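Because the structure is predicted, anything quoted here is derived from the model rather than measured. Every chain is numbered from 1, with letters handed out A, B, ... down the list of sequences.
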2 protein chains.
Amino acid sequence: MPEYVYHSIEETDVENLRKLIGDDQRVLFGDAISEDYSHDELGGTESWPDVVIKATSTNDVSNVMKYAWEHAIPVTPRGAGTGLVGSCVPMEHGIVLDLSLMNHILELDEDNLTLTVEPGVLLMELAAFVEEHDLFYPPDPGEKSATIGGNISTNAGGMRAVKYGVTRDFVRGLEVVLPNGDVVEFGGKVVKNSSGYDLKDLIIGSEGTLGLVTKAILKLLPLPKKAISLLIPFPSLEAAIGTVPLIIKSKTIPTAIEFMQREVIEDAEEYLGKAFPDKQSDAYLLLKFDGNSVEEIEAAYANVAKLCLEQGALDVLISDTEEREESIWKARGAFLEAIKGSTTYMDEVDMVVPRNCVNEMVEYLHDLQKEAGLRIKSFGHAGDGNLHAYMLKDDLSDEEWEARVKNAMELVYKKARELKGQVSGEHGIGFAKKPYLQESLATDNIELMNGIKRVFDSKNILNPHKIAQP
Amino acid sequence: MPEYVYHSIEETDVENLRKLIGDDQRVLFGDAISEDYSHDELGGTESWPDVVIKATSTNDVSNVMKYAWEHAIPVTPRGAGTGLVGSCVPMEHGIVLDLSLMNHILELDEDNLTLTVEPGVLLMELAAFVEEHDLFYPPDPGEKSATIGGNISTNAGGMRAVKYGVTRDFVRGLEVVLPNGDVVEFGGKVVKNSSGYDLKDLIIGSEGTLGLVTKAILKLLPLPKKAISLLIPFPSLEAAIGTVPLIIKSKTIPTAIEFMQREVIEDAEEYLGKAFPDKQSDAYLLLKFDGNSVEEIEAAYANVAKLCLEQGALDVLISDTEEREESIWKARGAFLEAIKGSTTYMDEVDMVVPRNCVNEMVEYLHDLQKEAGLRIKSFGHAGDGNLHAYMLKDDLSDEEWEARVKNAMELVYKKARELKGQVSGEHGIGFAKKPYLQESLATDNIELMNGIKRVFDSKNILNPHKIAQP
């Protein structure tokens, strides 16, 4: 990797950028920059920008990139800042390009079932908007206040991936500003495409290192008329997770299959100040089914309920009222925040393993606590093999914490590699997970990624030091 | 694009390659090379290889690529040769690497619902194998004797794309031999993946220009228990196609939505020597529904049948016997061959347009016949906007044909661009469609593609002059 020399921002650059943007309120400098811009949601990676620019148009983004390209100024894009791996943190300072004001829904095309949006639209706004039109955007990451641009940048997954897939599966086209400021389009409203290399999918999941997404054409589905959840207590977590491959193989694919343990449920109860509807067991599967009629869903879940009982489930609790449905999924949605609230500081692992290795990994995480001298809590998407494990600092000293978490991380990712898993299922690599990506992939893969980075960004000004870069 | 100088194959190269492969029967040279290796199914692009090597293992492929890399010999991969755009034709001669003997199904993993295969497995073999295990590989391109490697290389689509998606959506992991002979893995059995740039999707659809797929891990689904088709005559093609967006928006998504016209049906009848079950109209929609119970499917199609009748459909013919089902879909499957048989020579357009522009494009193609002085027949996937139009030579002289088809092609692709369509929905670009890709994409897009090609293949030995390359 060649060394890149960047231009340090000076007063004249700020003046020039203000002229380009034409609105001083949207070009922040010095004390005007909030501390928020120096980190993301998890906060382990920190670095301050010299300038923050709040773009409101593709034109703004293009003009800033042209200026940055000409002057070799590093630029780091940022949405809602809800990431967990430092992707939006400006490691080389320079400009943070905040896209959160580009938050307009541009077009609902009911003939082609597409929604065209700016990148700053929040996931919860997008979901609510399409539901109002009896339509459905299936990707459902836990963090609803993330932007769709951030979701695209990390290829966010979420709970409905079992049935519907991930963000990648619902992006039909992108408008992208390249590092040199050129505006290009990848894909479009078309359903099929075999017209050259798949540049669209290269941008998806590239964490703002190859180009800036300024517009996205998303695929929608008709909104399923009904959804019903099953909360299924099992005698052990092993029995619960062991049932998952059988559910997947049965003819009815649930929308979501999550596993949860009592200790995490209790954290959520405390965090939300609200009791969880069931307490009889240490281990649960939480399933969701959607469809267009009660009969269709009932036929589906009756089948799966029977299967779970045959596998030793203690009970099958049907959540068919909106109130109960909300109380269960609200608890599930609060797990991350609840665990965060139960300790002083934490770090996370977002690995994905083949579905039939989830049990082995969960057991490994449980046993690792003793060996690593750390509390570890986990929950996750049993249906797609994507596990979230949280290592908790509690009252460890900074030195102890750093040594233990480093050791534990290395062991967990080593185990994931053994199981033919990948470093990240949905949160991305960013800055924090780079060492583990390096260990997980072959040299060829890393070199191809860095080669592609150079094709898009020969001056290496866009979000440097992320993903595969040193 | 720099000029590349290739080494011409000499007798010593043939000897060396025979030593590498260790089986002279699998290294063909001179007269031993069949004429088939100089073209693909459509036959418009022609060029002979100097050597044909029939690989039987990843090791063979890797060894050949290492030799070719060292000696700067061009290599063109080939599967069943059923392509239509010249992707498997060796424009710079050199080696054709025939992967059709790598045709083993390696592993069915019922826990993770994946099938691991070699690239030479035929689509029809693959489909039959998984159905025996009560499982389902949804992508359904018309050409069942294509290899899965070829399907991956073109991101083949097919009729079930409306409900299930295309080949890309069912490839979880790939083993790839890079141009320098290194063997790498992209993806795996995991369901989600946000671990760096999406190299797997870059390989899919790259038509054997970035690497050779030597193993693929495919995603399977449980096999739907039942399927029923509806053949729906309409008073006009416009009324038929105009109904499609309404069907898509209704709560029931058919597996397939095809449109067909009497003249193409008659070609198929003649080709198959078998009468089509209905003759009352010039224009039909053919819909398929699948599901796990007759009740579920009936509820779905009742809804859609009602909608079609409201839109003026003349009738709704339900194909609920296996015999009738076969006779309809066999006719549909024979369209390409039937049209080919009805003329002396033809060329094809595989454009994809937004779903609500299909009518405008079909009308344009109809009117173009007079203007261009050519018979044009079309059919296609109304549900996903992918149209196949065939320009027929009939008794035109070679000169007349070439001038007229060139003019007609340019007009059709221009129209597709106006409608925000793409050059290829599922057949790829290869050699034959390069000029139209160049016109259709911005310079930035073409340069990014060629830059990526150089990252994978700095010596430009793998399938040169394809897709975006001059």
**Item:** A:Asp198 bridged to B:Arg168 by N-O distance under 4.0 Å
**Value:**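 Salt bridge flag = yes for B:Arg168 with A:Asp198.
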
What I want to find out is whether A:Lys249 reaches B:Asp134 closely enough, with some N-O distance under 4.0 Å, to be called a salt bridge.
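So A:Lys249 does not pair with B:Asp134 through a salt bridge.
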
Name the member of [options] that forms the most heavy-atom pairs with chain B at distances under 4.5 Å.
{"options": "A:His427, A:His381, A:Glu447, A:Arg172", "value": "A:His381"}
{"options": "A:Val423, A:Asn292, A:Leu448", "value": "A:Leu448"}
{"options": "A:Gly187, A:Gly451, A:Gly425", "value": "A:Gly425"}
{"options": "A:Val353, A:Asp182, A:Ile467, A:Val166", "value": "A:Asp182"}
{"options": "A:Ser195, A:Gly188, A:Gly165", "value": "A:Ser195"}
{"options": "A:Ile203, A:Leu113, A:Val190, A:Leu202", "value": "A:Val190"}

- Under 3.5 Å, is there a donor-acceptor pair between the side chain of B:Asp201 and the main chain of A:Asp201?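 No.
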
Task: N/O donor-acceptor pair under 3.5 Å between B:Asn445 side chain and A:Val184 backbone - done: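 Not at all, since once roles are kept as given, no pair shorter than 3.5 Å links the two residues.
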
Relative to chain A, which segment of [X] carries a heavy atom at a distance below 4.5 Å: side chain, backbone, both, or neither?
{"X": "B:Glu295", "result": "neither"}
{"X": "B:Thr154", "result": "backbone"}
{"X": "B:Leu246", "result": "neither"}
{"X": "B:Ile429", "result": "both"}
{"X": "B:Ser440", "result": "neither"}
{"X": "B:Leu178", "result": "side chain"}
{"X": "B:Asn155", "result": "both"}
{"X": "B:Lys433", "result": "neither"}
{"X": "B:Leu199", "result": "side chain"}
{"X": "B:Asn386", "result": "side chain"}

Would you compute the distance between atom [atom1] of [X] and atom [atom2] of [Y] and round it to the nearest 0.5 angstrom?
{"X": "B:Arg454", "Y": "A:Ile452", "atom1": "CZ", "atom2": "CD1", "result": "13.0 Å"}
{"X": "A:Lys251", "Y": "B:Leu221", "atom1": "NZ", "atom2": "CG", "result": "10.0 Å"}
{"X": "A:Glu296", "Y": "B:Glu296", "atom1": "CD", "atom2": "CD", "result": "5.0 Å"}
{"X": "A:Ile446", "Y": "B:Tyr197", "atom1": "CD1", "atom2": "OH", "result": "10.5 Å"}
{"X": "A:Arg355", "Y": "B:Asn112", "atom1": "CZ", "atom2": "CG", "result": "6.0 Å"}

Between A:Val244 and B:Asp111, is a side-chain contact (heavy atoms from CB on, under 4.5 Å) present by the stated rule, with each step listed? CA-CA 9 Å; A:Val244 173; B:Asp111 282 344; over 6 Å; no

Practice problem: Compare all side-chain heavy atoms of B:Val455 with those of A:Val455 and state whether any distance is below 4.5 angstrom. | Solution: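 Answer yes - side chains close enough.
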
Below 4.5 Å from any heavy atom of chain B, which atoms of [X] appear? Answer side chain, backbone, both or neither.
{"X": "A:Ile253", "result": "side chain"}
{"X": "A:Asn193", "result": "both"}
{"X": "A:Leu437", "result": "side chain"}
{"X": "A:Lys466", "result": "neither"}

How far apart are the closest heavy atoms of B:Glu426 and A:Ser194, and which atoms are they?
->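 It is CA-OG, 3.4 Å.
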
Requested in this report: For the pair A:Glu185 and B:Lys420, evaluate side-chain contact (heavy atoms from CB on, under 4.5 Å) and give the outcome as yes or no after the intermediate values.
Outcome: CA-CA 11 Å; A:Glu185 284 177 21; B:Lys420 299 233 164 213; 4.2 Å; yes

